[in-house]
Number of protein chains: 2
Amino acid sequence: MFSKACEYGLKAMISIATKSEKGQRTNLKEISKDINSPEQFTAKILQQLSRNKLIHSVQGAHGGFEIQKENLGKIKLIDIVKTIDGDKLFVGCGLGLNECDASKPCPIHHRFIGIRENLTKVLSETSLEKMSHDVNGGLAFLNR
Amino acid sequence: MFSKACEYGLKAMISIATKSEKGQRTNLKEISKDINSPEQFTAKILQQLSRNKLIHSVQGAHGGFEIQKENLGKIKLIDIVKTIDGDKLFVGCGLGLNECDASKPCPIHHRFIGIRENLTKVLSETSLEKMSHDVNGGLAFLNR
DNA sequence: CTTTAATCGGATAATTTTATCCGAGTTATA
DNA sequence: TATAACTCGGATAAAATTATCCGATTAAAG
Ligand code: FES
Ligand code: FES
């Protein structure tokens with residue numbers, strides 16, 4: 001479904017959000033421990049998220065990563081997925097035809113688009129804020 | 001969503017089905033032309049499908065691939081996907097936790113399982129027969 | 001029996017994805 | 001101003017996926 005990079009990216013964003021929600025800043029070491037991911041690979045993904053303004057990075061001692069509190073409700077999971085994996089999952093053909101086109105559909109098209117739209121809807125509606133609330137409330141986990 | 005190998009596998013199966021439905025046997029060259037896929041890579045996937053008894057292969061001149069007519073309605077898309085990509089898509093955690101476990105769920109779990117079940121349902125209900133009817137009837141396409 | 005048209009399957013190559021290394025830059029603090 | 005704790009980013013390595021090569025085998029047909 002998602003690439004490994006995207007899975008790490010989603011978990012990292014949620015991890016950062018759980019701290020930002022409490023006004024705390026976190027850093028690479030803490031994040032990758034939190035989500036059980038390879039540190040340097042995670043660093044690359046955080047850079048990418050930072051360049052795309054989804055997170056704010058602070059260099060130097062006591063630096064790290066944070067998300068503006070007012071953005072916690074605005075950033076949706078789909079923003080993260082699109083930043084890392086692009087939008088192929090949301091607009092591409094499930095069988096890999098050059099493009100998904102209802103006027104010349106692949107055999108699974110009509111059955112597939114419902115699923116795709118549902119996925120798009122769920123990821124578009126789910127904010128980081130909800131995710132981090134669930135984790136901070138002990139209802140969900142980033143590591144197991 | 002699916003790997004390239006799996007996309008080719010699904011399309012190849014449907015291509016074979018369109019011929020088998022008409023009592024014809026097809027072969028590698030024809031299939032990969034039909035679905036616009038690299039010949040030798042497609043050969044590997046067909047071997048895998050053959051070893052798993054989803055298709056029947058015939059060696060020698062005038063050989064090729066075919067699907068028993070009585071199987072066209074029995075083989076479902078999910079059988080093909082599981083053969084090539086395994087069942088991770090259907091049972092694995094969307095965020096890549098070691099396993100998907102509702103008692104210690106990842107943050108997207110409750111939103112994700114609905115989509116996953118829908119996908120499982122659709123692929124479990126869709127037979128090769130339906131797919132090949134659509135293609136033979138000009139309602140769907142394997143190549144564009 | 002020979003030729004021809006196929007699949008089989010092991011080996012290799014190319015590409016993409018995942019992961020690591022390390023030197024340079026940045027900033028708080030002693 | 002020196003040191004320690006960070007991120008940045010380019011280079012490289014490892015692993016997985018995708019793709020190709022080619023000799024062996026099989027079987028139909030002349
Ligand atoms: S054409 Fe294949 S999913 Fe739309
Ligand atoms: S635990 Fe992640 S999808 Fe179920």
Side-chain angles (χ1 to χ4, degrees), chain A residues 1-13 15-16 19 24-67 81 83-86 88-89 92 95-96, chain B residues 1-13 15-16 19 24-67 81 83-86 88-89 92 95-96:
Chain A
M1 177 78 61
F2 307 125
S3 70
K4 223 82 186 91
C6 189
E7 289 176 0
Y8 294 148
L10 286 163
K11 288 189 277 194
M13 287 293 288
S15 169
I16 298 169
K19 307 296 163 59
Q24 295 164 9
R25 181 184 295 161
T26 180
N27 62 43
L28 176 61
K29 197 170 291 183
E30 200 175 20
I31 294 166
S32 42
K33 195 180 156 200
D34 214 25
I35 70 175
N36 187 32
S37 66
E39 217 173 286
Q40 305 284 20
F41 188 45
T42 307
K44 295 299 184 201
I45 299 160
L46 292 173
Q47 275 176 40
Q48 194 182 350
L49 292 167
S50 174
R51 272 187 246 112
N52 284 278
K53 314 281 186 202
L54 291 180
I55 56 181
H56 180 229
S57 77
V58 179
Q59 290 196 353
H62 300 166
F65 301 92
E66 59 199 11
I67 299 172
V81 174
T83 296
I84 300 176
D85 278 352
K88 207 187 131 205
L89 188 57
L95 289 189
Chain B
M1 177 78 62
F2 307 124
S3 69
K4 221 85 186 87
C6 189
E7 290 176 0
Y8 294 148
L10 287 163
K11 287 189 279 194
M13 288 294 288
S15 168
I16 298 169
K19 307 297 164 58
Q24 295 165 8
R25 182 183 295 162
T26 181
N27 62 42
L28 175 60
K29 199 170 289 183
E30 201 175 17
I31 294 166
S32 41
K33 195 179 156 200
D34 215 24
I35 69 175
N36 188 32
S37 66
E39 218 172 284
Q40 306 284 19
F41 188 45
T42 307
K44 296 299 184 200
I45 299 161
L46 292 173
Q47 275 176 39
Q48 194 182 350
L49 292 167
S50 175
R51 273 187 245 111
N52 284 278
K53 316 278 187 203
L54 290 180
I55 57 181
H56 180 230
S57 76
V58 179
Q59 290 197 354
H62 299 167
F65 301 92
E66 60 199 10
I67 299 172
V81 175
T83 297
I84 301 175
D85 278 352
K88 206 188 131 204
L89 188 57
L95 289 189

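Here the structure is a predicted model, which is why all the values come from computation and not from measurement. A note on names: the letters A, B, ... follow the listed sequences, proteins ahead of strands, and every chain is numbered from 1.
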Please enumerate all protein N or O atoms sitting under 3.5 Å from an N or O of nucleotides 13-16 of chain D, with distances to 0.1 Å.
none

Between [X] and [Y]: side-chain donor-acceptor atoms closer than 3.5 Å:
X	Y	value
A:S3	A:D85	yes
A:T83	A:N52	no
A:S32	A:S37	no

For [X] and [N], what is the distance between atoms [atom1] and [atom2] respectively, to the nearest whole Å?
X	N	atom1	atom2	result
B:Q59	C:dA5	CD	P	17 Å
B:I84	D:dT18	CD1	C1'	13 Å
B:K33	C:dA6	NZ	C1'	17 Å
A:N27	D:dA4	CG	P	18 Å
B:Q40	C:dA6	CD	P	14 Å
B:H56	C:dA6	NE2	P	17 Å
B:Q47	C:dA6	CD	P	17 Å
B:F41	C:dA13	CZ	P	18 Å

Which heavy atom of [X] sits nearest to which heavy atom of [Y], and what is that distance?
X	Y	result
B:A12	B:L46	CB-CD2, 4.1 Å
A:R25	A:H62	NH1-O, 2.9 Å
A:Y8	A:I35	O-CD1, 3.6 Å
A:L89	B:M1	CD1-CE, 3.8 Å
A:I45	A:A5	CD1-O, 3.6 Å

**OP:** Salt-bridge test for A:K19 and A:E30: reply yes if a basic N is under 4.0 Å from a carboxylate O, no otherwise.
**Re:**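 Salt bridge present between A:K19 and A:E30.
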
**OP:** May I ask you to evaluate whether A:S50 reaches the phosphate of D:dT7, defined as a side-chain N or O under 4.0 Å from OP1 or OP2?
**Re:**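 Looking at the OP1 and OP2 atoms of D:dT7, neither is under 4.0 Å from any side-chain N or O of A:S50.
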
**OP:** Determine: side-chain N/O of B:Y8 to OP1/OP2 of D:dA19, distance under 4.0 Å, yes or no.
**Re:**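 Result: yes.
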
Subject >> Close side-chain approach of A:E66 to A:V58, heavy-atom, < 4.5 Å >> reply: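 Counting from C-beta outward, A:E66 and A:V58 do come under 4.5 Å.
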
Where do N or O atoms of nucleotides 28-30 of chain C meet protein N or O atoms at under 3.5 Å, pair by pair?
from, atom 1, to, atom 2, distance (Å)
C:dA28, O3', A:H62, ND1, 3.4

Which part of the nucleic acid, if any, lies within reach of [X] when heavy atoms closer than 4.0 Å are counted: base, sugar-phosphate only, or nothing?
X	result
A:A43	nothing
A:L46	nothing
B:K44	base

**OP:** Counting heavy atoms from C-beta on, name the nucleotide in D:dA19, D:dC8, D:dG9 closest to the side chain of A:F65.
**Re:**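 The listed nucleotide nearest to A:F65's side chain is D:dC8.
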
Original post:
Checking side-chain contact (heavy atoms from CB on, under 4.5 Å) against B:L54, which of B:I16, B:I84, B:L49, B:I67 comes through?
Top reply: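 Passing option: B:L49.
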
Subject >> Terminal axis angle for the helix from C:dC1-D:dG30 to C:dA30-D:dT1, five pairs an end, nearest 10 degrees >> reply: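 It comes to 10° between the two terminal axes.
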
Original post:
Closer to the 5' end of DNA chain C via nearest nucleotide, is it A:C6 or A:V58?
Top reply: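 It is A:C6, whose closest nucleotide lies nearer the 5' terminus.
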
**OP:** Give the intermediate values and the outcome of side chain to side chain contact (heavy atoms under 4.5 Å, CB included) for residues B:Q47 and B:R51.
**Re:** CA-CA 6 Å; B:Q47 275 176 39; B:R51 273 187 245 111; 3.6 Å; yes

